[in-house]
> 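The structure follows.
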Amino acid sequence: MAIDYKDTVFLPKTDFPMRAGLPKKEPELLAYWADLELFSRQRAESAGRPPFVLHDGPPYANGHLHIGHALNKILKDVISRSQQMMGKDSNYVPGWDCHGLPIEWKIEEQYRADGQNKDDVPILEFRNECREFAAKWIDIQSEEFQRLGVIGNWHDPYTTMAYGAEAQIAREIAKFAMNGGLYRGARPVLWSVVEKTALADAEVEYEDHVSPSIYVRFPVVSGADRALDGAAIVIWTTTPWTIPGNRAIAVGAELDYVRIRVEVVNEKSRVQVGDELVIAKALRESACQEMGIEGSEDVALLRGEDIVGSVCVHPLHAKGFDHEVPVFAGDFVTIDQGTGFVHIAPSHGEDDFHLGRAHDLSVPDMVNEVGCYFEHVPLFAGMAVLTPDGDEGEANGAVMSVLEGENALLGRRRLEHSYPHSWRSKAPLIFRNTSQWFISMKTNDLRDKALTAISETRFVPSQGQTRLRSMIETRPDWCISRQRAWGVPIPIFVHKQTGELLRDQAVFDRIAEAFAAEGGDSWFASPPSRFLGNDYDAEEYEQVRDIVDVWFDSGSTHAFVLEDRDDLQWPASLYLEGSDQHRGWFHSSLLESCGTRGRAPYDAVLTHGFVMAEDGRKMSKSRGTDVSPQETVESLGADILRIWVVSSDYSEDLRLGPEILKHQSDLYRRIRNTLRFLLGNLDGFEDSERVPVVEMPELERWVLHRIHAMDALVRQTTDDFEFHTQWTALHNFCAVELSAFYFDIRKDALYCDSVDSVRRRAARTVLDALFSYLTAWLAPILCFTAEEAWLARRSGSDVDSVHLRTFPDVPNTWRDDALANKWEKVRNLRRVVTGALEIERAEKRIGSSLQAAPTVYVDGETAAAMTGLDLAEICITSGGTLVEAAPPDSAFRLSDVEALAVEPALAEGEKCARCWQVLPDVGASDYPDVCGRCAAAINGRQGSAD
RNA sequence: AGUCAUGUAGCUCAGUAGGUAGAGCACUCGACCGAUAAUCGAGAUGUCGUAGGUUCGAUCCCUACCGUGACUACCA
């Protein structure tokens with residue numbers, strides 16, 4: 001008897017599953033793209049479009065990816081893809097940083113594990129092992145990046161160890177050699193005794209360290225002021241081993257000092273009653289306490305400037321350190337601690353070096369590369385400051401005991417303070433005078449050029465500009481030499497007799513040629529004559545054996561990637577890295593490029609923050625708060641991780657953890673179901689169904705207006721790299737405007753109207769548009785899901801991948817501000833009706849809103865807005881009456897909408913068995929339990945719903 | 001140690017020429033049972049980091065402090 005009308009209703013139909021199964025689906029899509037050769041097709045199809053070159057900052061090729069890599073590469077990918085869809089030719093070439101200490105260190109460890117000393121391994125063999133190690137990790141990381149959905153030229157990435165790259169890096173060094181920017185300088189650098197190399201700033205970490213803290217007496221032999229005669233200046237240091245290198249004392253010219261006569265000392269004190277010492281007034285108390293002085297008398301007060309020009313003798317002058325020790329003014333002298341006098345050893349400190357240089361002090365070579373005093377150093381020759389393992393050597397103790405013997409040691413204790421350490425071996429470092437190669441910040445106005453370049457670069461967020469500028473303003477010359485094995489050789493020759501750097505382009509050309517053919521190895525494998533040619537006698541030249549700082553490698557990527565590849569462009573449109581790269585890649589690239597090409601290698605720089613755990617603190621394995629990208633992808637899918645990237649504000653630190661990932665999964669489901677609804681309701685859609693915009697109901701035209709606005713927002717936020725705003729807007733559009741409003745209203749027409757209904761056809765026309773726009777807008781973010789949806793509906797003529805599309809144009813005629821305004825009022829009315837129905841529901845008078853037929857009292861404005869609209873349709877009721885009149889007091893109102901009121905009522909009639917509306921005309925036609933519309937729909941149905 | 005950021009509902013984020021705050025999600029309750037491990041609706045939720053100050057009034061301005069992060073320095 002009862003007909004099952006379900007078969008006559010046009011219910012959504014699609015193979016696009018509600019449950020995504022991303023961990024399984026994503027690899028299938030990756031395989032599909034591989035078959036399609038998607039990246040090549042993108043390049044081919046976008047040939048001639050304006051280029052967008054996001055130049056990849058190379059990750060270091062060791063170890064699996066961590067979440068920071070994932071953030072970085074996903075953000076790059078979203079930008080690269082969205083620029084592509086904005087109509088650019090967005091060609092992304094990933095790269096890797098291959099040389100340098102971390103890899104070298106790993107290989108050394110392997111040798112150590114085998115009981116071998118790496119110094120015994122032939123350098124070419126060693127370098128080859130490093131190369132293979134890097135190659136192995138490049139393959140692994142490449143896989144892991146691709147699994148995240150990152151699209152790019154993975155078939156032909158760049159690496160800093162490619163022969164071509166090594167050759168170009170050599171050419172870049174040669175440019176600095178030829179233009180005079182490169183020079184050999186003797187200066188103290190932070191030196192690792194363990195790794196036997198100078199370290200770059202970026203390779204230094206500061207850790208707490210216990211050092212001896214000593215007070216040392218420097219007797220005045222020639223006071224600049226009579227008040228100094230016969231007294232001794234007291235210095236304080238935490239590095240006793242630098243005392244042999246002492247050449248001066250610094251005093252704060254503006255500080256107050258006092259000459260005291262010691263009256264009372266405790267039993268442990270090394271000071272004699274009657275000693276006369278000069279110290280800073282402000283530090284008198286603390287210094288006296290440290291030296292065990294319990295009573296003293298002021299002899300004289302002095303200003304620092306009165307002391308400048310005095311001369312002391314070295315505390316070990318009787319033991320072979322017989323040079324004078326002049327007192328200079330130093331603006332770095334503070335009264336935080338110590339004595340207000342700083343002992344100056346020009347070989348062992350930055351301040352010391354500069355002060356010494358200003359006063360023509362000698363910069364003696366005191367300590368060799370393994371941290372032992374040179375043979376020429378009296379008393380201490382051969383003693384170690386630090387052992388080869390980084391432990392404290394005998395030097396400090398020896399110096400202190402000799403000082404003590406000379407009655408120069410006035411106090412000693414242990415002090416824990418922050419001290420530089422190697423990032424790699426974690427061993428303490430020392431300042432050591434060495435011969436190193438530098439790029440001058442002054443020659444060729446490098447600093448000025450760099451500063452100008454910064455002001456001409458777009459920074460996102462803008463604070464980055466200030467940050468980079470202040471770094472460039474104050475940084476010293478760039479020390480580019482490393483006494484290591486795994487890197488690009490600094491390919492230069494020095495004339496043995498004159499010390500002159502050989503500047504001959506022909507020589508450099510031969511070197512680059514060799515590197516291009518055989519890599520940097522050829523520098524070590526070939527006789528110097530191969531490069532010097534016939535014009536020079538190899539015997540007369542020293543071949544430099546240093547390698548170049550890896551920051552110079554990566555700082556040159558713009559040369560061997562952007563300039564070298566025909567399908568790229570110099571300068572890059574964008575560099576994008578974590579904010580730590582202000583002192584890293586952004587910095588080195590800028591200097592390298594300004595020094596050789598006079599401008600930055602990038603038009604814009606974007607920085608992102610770091611990934612923190614959910615509690616806002618650093619991720620920590622031991623606390624279990626670290627998130628592995630591999631595990632996340634395997635359990636949830638890369639698209640979830642990609643949502644996380646765009647839903648976070650990358651200009652600050654980002655948080656990530658289980659709860660946040662769950663949140664992203666929820667957001668994902670909403671988007672996925674929106675796509676599924678579109679697909680299900682577009683089943684069988686054909687072009688012939690389309691309804692022209694002018695014939696569409698207002699509701700459809702309102703959706704088109706919203707599409708127009710979303711399009712503008714998507715494009716704007718893409719240009720501004722504001723993906724968080726974009727994602728939020730997209731999600732709200734799907735959740736609030738489509739799902740909760742438009743779809744909800746139109747389900748009735750889509751399911752129940754007859755196939756030829758203009759209303760239904762118009763809705764399907766709009767759903768088709770929504771599908772087109774949404775898949776495009778989502779494609780840069782949800783690269784997998786957007787593709788899955790696209791392919792679910794692709795017919796023969798459609799393009800093979802959503803990623804071969806661009807954001808579709810939106811006709812300007814879709815914009816209709818007046819309509820949008822009108823519909824603001826309509827939606828407001830709907831809110832009130834919904835509120836009224838909720839009461840009815842709570843009172844159990846209705847369940848479904850289709851049981852209701854409310855009377856709505858409106859003001860003139862709202863009445864005008866509702867002209868021509870069907871109240872019941874919009875409110876999803878079965879009926880309703882609009883009355884422009886004052887409502888009865890009993891009517892339902894919302895507190896914030898005074899002009900509207902609703903008097904609920906039950907709809908009259910029977911429930912239609914097909915559309916479930918309660919209507920008076922149910923049973924009026926051939927079908928006893930069906931309304932007139934549905935009867936017509938059933939009769940007119942042409943087997944569409946099977 | 002210093003500098004600079006940052007601290008708004010459980011989560012991601014908005015916001016306020018200074019008048020005690022919002023959106024989505026999550027949560028709870030309800031409806032539907034033809035987007036169904038969906039969909040719709042309603043609701044509660046916050047001393048706007050802490051303590052002072054300026055002000056009639058501060059989440060928004062000032063100061064200090066605390067937490068977190070990044071950077072810089074290393075200082076003898």
Side-chain angles (χ1 to χ4, degrees), chain A residues 5-6 9-14 18-19 190 201 204 206 213-214 235-239 242 246 249-250 330 332-334 336-345 348-352 417-420 431 463 466-467 470-471 474 578-580 582-583 607 609-610 612 614-618 643-644 647-649 651-655 657 659-667 669-670 672-681 724-725 727-729 731-732 734-736 739-741 743-744 747-748 750-752 831 834-835 837-842 844 846-850 876 914-916:
Chain A
Y5 291 102
K6 189 162 185 165
V9 177
F10 305 102
L11 294 177
K13 189 182 165 206
T14 175
M18 185 156 65
R19 305 253 295 157
L190 277 171
D201 292 347
V204 177
Y206 290 86
S213 152
I214 60 167
I235 66 95
W236 174 70
T237 181
T238 55
T239 49
T242 62
N246 175 278
I249 290 171
F332 50 85
V333 179
T334 63
D336 294 342
Q337 49 188 344
T339 63
F341 291 103
V342 176
H343 121 76
I344 296 298
H348 302 306
E350 191 81 25
D351 288 337
D352 308 51
H417 63 150
S418 164
Y419 190 84
F431 265 108
Q463 298 93 292
T466 320
R467 192 155 156 194
S470 60
M471 281 181 185
T474 56
S579 57
D580 58 331
H582 283 107
R583 76 165 179 179
T607 52
F610 285 76
M612 299 295 141
E614 254 165 16
D615 59 4
R617 302 171 59 193
K618 260 194 181 69
I643 290 178
W644 165 69
S647 66
S648 304
D649 177 1
S651 70
E652 292 170 20
D653 289 344
L654 297 78
R655 298 187 182 202
E659 187 182 349
I660 293 171
L661 279 171
K662 182 186 175 297
H663 184 210
Q664 313 311 335
S665 305
D666 291 334
L667 299 179
R669 287 215 307 272
R670 190 23 147 320
R672 186 173 180 91
N673 276 322
T674 301
L675 293 170
R676 185 162 185 267
F677 183 87
L678 291 172
L679 285 164
N681 287 96
H724 170 259
T725 309
W727 166 256
T728 305
H731 181 266
N732 278 7
C734 289
V736 180
S739 188
F741 183 63
F743 292 172
D744 208 29
K747 274 191 276 193
D748 173 74
L750 287 165
Y751 297 172
C752 300
R831 273 178 56 223
T834 304
L837 295 186
E838 198 57 33
I839 304 283
E840 298 309 291
R841 206 170 264 138
K844 301 292 177 197
I846 63 167
S848 162
S849 61
L850 288 176
I876 318 183
R914 182 166 176 275
C915 73
W916 300 343

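Proteins come first, then strands; the chains are lettered A, B, ... in the order of their sequence lines, and each starts at number 1.
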> At under 4.0 Å, does any side-chain N or O of A:Lys747 touch on OP1 or OP2 of B:A35?
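Looking at the OP1 and OP2 atoms of B:A35, one of them is under 4.0 Å from a side-chain N or O of A:Lys747.
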
> Mind calculating the distance between CZ (A:Arg655) and C1' (B:U8) to the nearest angstrom?
12 Å

> Look at all strands and tell whether A:Asp744 reaches a base, only sugar-phosphate, or nothing, counting heavy atoms closer than 4.0 Å.
sugar-phosphate

> To the nearest 0.5 Å, what is the distance between NE2 on A:His731 and OG on A:Ser647?
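A:His731 atom NE2 to A:Ser647 atom OG measures 10.0 Å (nearest 0.5 Å).
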
> Counting side-chain heavy atoms from CB outward, which of B:C13, B:C11, B:A37 is closest to A:Arg19?
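Selected nucleotide: B:A37.
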
> Mind checking if A:Ala842 touches a base, just sugar-phosphate, or nothing, with heavy atoms under 4.0 Å?
nothing

> Specify the separation, in whole Å, of atom CZ of A:Phe741 and atom P of B:U39.
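Those two atoms, CZ and P, are 18 Å apart.
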
> Specify the separation, in whole Å, of atom OH of A:Tyr751 and atom C1' of B:A38.
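My rounded result for the distance is 10 Å.
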
> Under 4.5 Å between any side-chain heavy atoms of A:Phe743 and A:Leu678, yes or no?
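They are in side-chain contact.
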
> Expressed in whole Å, how much space separates the C1' atoms belonging to B:A17 and B:A31?
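Rounded to whole Å, the distance is 45 Å.
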
> By the 4.0 Å heavy-atom rule, please label A:Gly338 as base, sugar-phosphate, or nothing.
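It contacts nothing in the nucleic acid.
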
> When the C1' atoms of B:G49 and B:A58 are compared, how many Å lie between them, rounded to an integer?
15 Å

> May I ask you to evaluate whether A:Arg841 reaches the phosphate of B:C40, defined as a side-chain N or O under 4.0 Å from OP1 or OP2?
no

> Considering every strand and a 4.0 Å limit on heavy-atom distances, what is the contact class for A:His663: base, sugar-phosphate, or nothing?
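Base, at least one base heavy atom under 4.0 Å.
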
> Report the base-pairing partner of B:U16 (Watson-Crick or G-U wobble, both distances below 3.5 angstrom), or none.
none

> What contact category does A:Trp916 fall into here, base, sugar-phosphate, or nothing, at under 4.0 angstrom with non-hydrogen atoms?
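Base: the residue A:Trp916, judged by heavy atoms under 4.0 Å, touches a nucleobase.
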
> Taking atom P of B:A23 as reference, at what distance in whole Å does atom NE2 of A:His731 sit?
16 Å

> Taking the P atom in each of B:G18 and B:C32, what is the distance between them to the nearest angstrom?
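Nearest-Å result for B:G18 against B:C32 at atom P: 49 Å.
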
> Under 4.0 Å between any heavy atoms, over every strand shown, what does A:Asp580 touch: base, sugar-phosphate, or nothing? Just pick one.
sugar-phosphate

> Would you indicate which nucleotide in B:C75, B:C13, B:G34 comes nearest to any side-chain atom of A:Val9?
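It is B:G34.
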
> Could you measure between the two P atoms, the one in B:G7 and the one in B:U59, and give it in whole Å?
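So the two P atoms sit 16 Å from each other.
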
> OP1 or OP2 of B:G34 sitting under 4.0 Å from any side-chain N/O of A:Tyr5?
no

> Choose from B:C25, B:C11, B:A14 the nucleotide whose nearest atom is closest to any side-chain atom of A:Asp649.
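Minimum distance to the A:Asp649 side chain belongs to B:A14.
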
> Decide, yes or no, whether a salt bridge links A:Glu659 with A:Lys662 under the criterion of side-chain N to carboxylate O below 4.0 Å.
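Salt bridge absent between A:Glu659 and A:Lys662.
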
> Is B:C75 paired to anything, Watson-Crick or G-U wobble with both distances less than 3.5 Å, and if yes, which nucleotide?
none

> Measure CG/A:Leu675 against P/B:A35 and give the value in whole Å, please.
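About 17 Å, once rounded to whole Å.
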
> Whether A:Asp744 and A:Lys747 form a salt bridge (side-chain N of Lys/Arg under 4.0 Å from carboxylate O of Asp/Glu) is what I want to check.
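Salt bridge flag = yes for A:Asp744 with A:Lys747.
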
> Would you say a side-chain N or O of A:Lys844 is under 4.0 Å from OP1 or OP2 of B:A31?
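Answer is yes, contact under 4.0 Å.
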
> Determine, answering yes or no, if A:Phe610 is stacked on B:A70 under the 5.5 Å centre rule and the 30° plane rule.
no

> For A:Arg670, answer base if it contacts any base atom (sugar-phosphate contacts may also be present), sugar-phosphate if it contacts only those atoms, and nothing otherwise; contact means non-hydrogen atoms under 4.0 Å.
sugar-phosphate

> Who does B:U6 pair with, Watson-Crick or G-U, both distances under 3.5 Å?
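Because both required distances fall under 3.5 Å, B:U6 counts as paired with B:G67.
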
> Which base sits across from B:C33 as a Watson-Crick or G-U pair, both distances under 3.5 Å?
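Partner of B:C33: none.
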
> Side chains of A:His724 and A:Asp649: any donor to acceptor distance under 3.5 Å?
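Checked: A:Asp649/A:His724 side chains show no N/O donor-acceptor pair below 3.5 Å.
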
> If you find the nucleotide of RNA chain B closest to A:Thr728 and the one closest to A:Glu350, which residue's nucleotide is nearer the 5' end?
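Looking at RNA chain B, the more 5' nearest nucleotide goes with A:Thr728.
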
> When the C1' atoms of B:U20 and B:A35 are compared, how many Å lie between them, rounded to an integer?
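These two C1' atoms come out 42 Å apart once rounded.
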
> Taking only the side-chain heavy atoms of A:Asn732 (C-beta and beyond), determine which of B:C25, B:G24, B:A35 contains the nearest atom.
B:G24

> My understanding is that a pair needs two contacts under 3.5 Å, Watson-Crick or G-U wobble. By that rule, which nucleotide pairs with B:A21?
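Its partner is none (no Watson-Crick or G-U wobble pair with both distances under 3.5 Å).
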
> If you measure from the P atom in B:G19 to the same atom in B:C61, how many Å do you get, rounded?
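It comes out at 12 Å once rounded to the nearest Å.
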
> Under 4.0 Å, counting only non-hydrogen atoms across every strand here, what does A:His724 touch: a base, just sugar-phosphate, or nothing?
sugar-phosphate

> When you measure from the side chain of A:Arg617, which nucleotide among B:U68, B:A38, B:C32 comes out closest?
B:U68

> Relative to the 5' end of RNA chain B, which residue comes earlier, A:Lys618 or A:Glu614, by the nucleotide with the nearest heavy atom?
A:Glu614

> Quick one: are A:Leu654 and A:Phe610 in side-chain contact, heavy atoms under 4.5 Å?
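No, every pair of side-chain atoms sits at 4.5 Å or beyond.
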
> To the nearest Å, how far apart are A:Ile846 CD1 and B:C32 P?
9 Å

> Specify the separation, in whole Å, of atom CG of A:Leu661 and atom C1' of B:C25.
14 Å

> At their closest point, which heavy atom of A:Ile643 faces which heavy atom of A:Leu667, and how far apart are they?
CG2-CD1, 4.4 Å

> Which part of the nucleic acid, if any, lies within reach of A:Ser739 when heavy atoms closer than 4.0 Å are counted: base, sugar-phosphate only, or nothing?
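If one applies the 4.0 Å heavy-atom cut-off, A:Ser739 turns out to touch a base.
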
> Give one of base, sugar-phosphate or nothing for A:Phe743, where a contact means two heavy atoms less than 4.0 Å apart.
base

> Within the 4.0 Å heavy-atom criterion, would you say A:Thr238 contacts the bases, only the backbone, or no part of the nucleic acid?
sugar-phosphate

> Using atom C1' in both nucleotides, what's the gap between B:U6 and B:C60 to the nearest angstrom?
16 Å

> Output yes when at least one side-chain N/O atom of A:Arg467 is less than 4.0 Å from OP1 or OP2 of B:C4, else no.
no

> Sticking with atom C1', work out how far B:C27 lies from B:A9, rounded to a whole angstrom.
12 Å

> Watson-Crick or G-U wobble partner for B:A42, using a 3.5 Å limit on both distances?
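Partner of B:A42: B:U28.
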
> Parallel, tilted or perpendicular for A:Tyr751 and A:Phe677, by the 30°/60° rule?
tilted

> Nearest heavy-atom pair of A:Thr674 and A:Cys734: which atoms, and what distance?
OG1-CB, 3.6 Å

> Figure out the CG/C1' separation between A:Leu11 and B:U36, and round it to whole Å.
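Result: 12 Å.
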
> Touch check for A:Gly680, heavy atoms < 4.0 angstrom, all strands: base, sugar-phosphate only, or nothing?
nothing

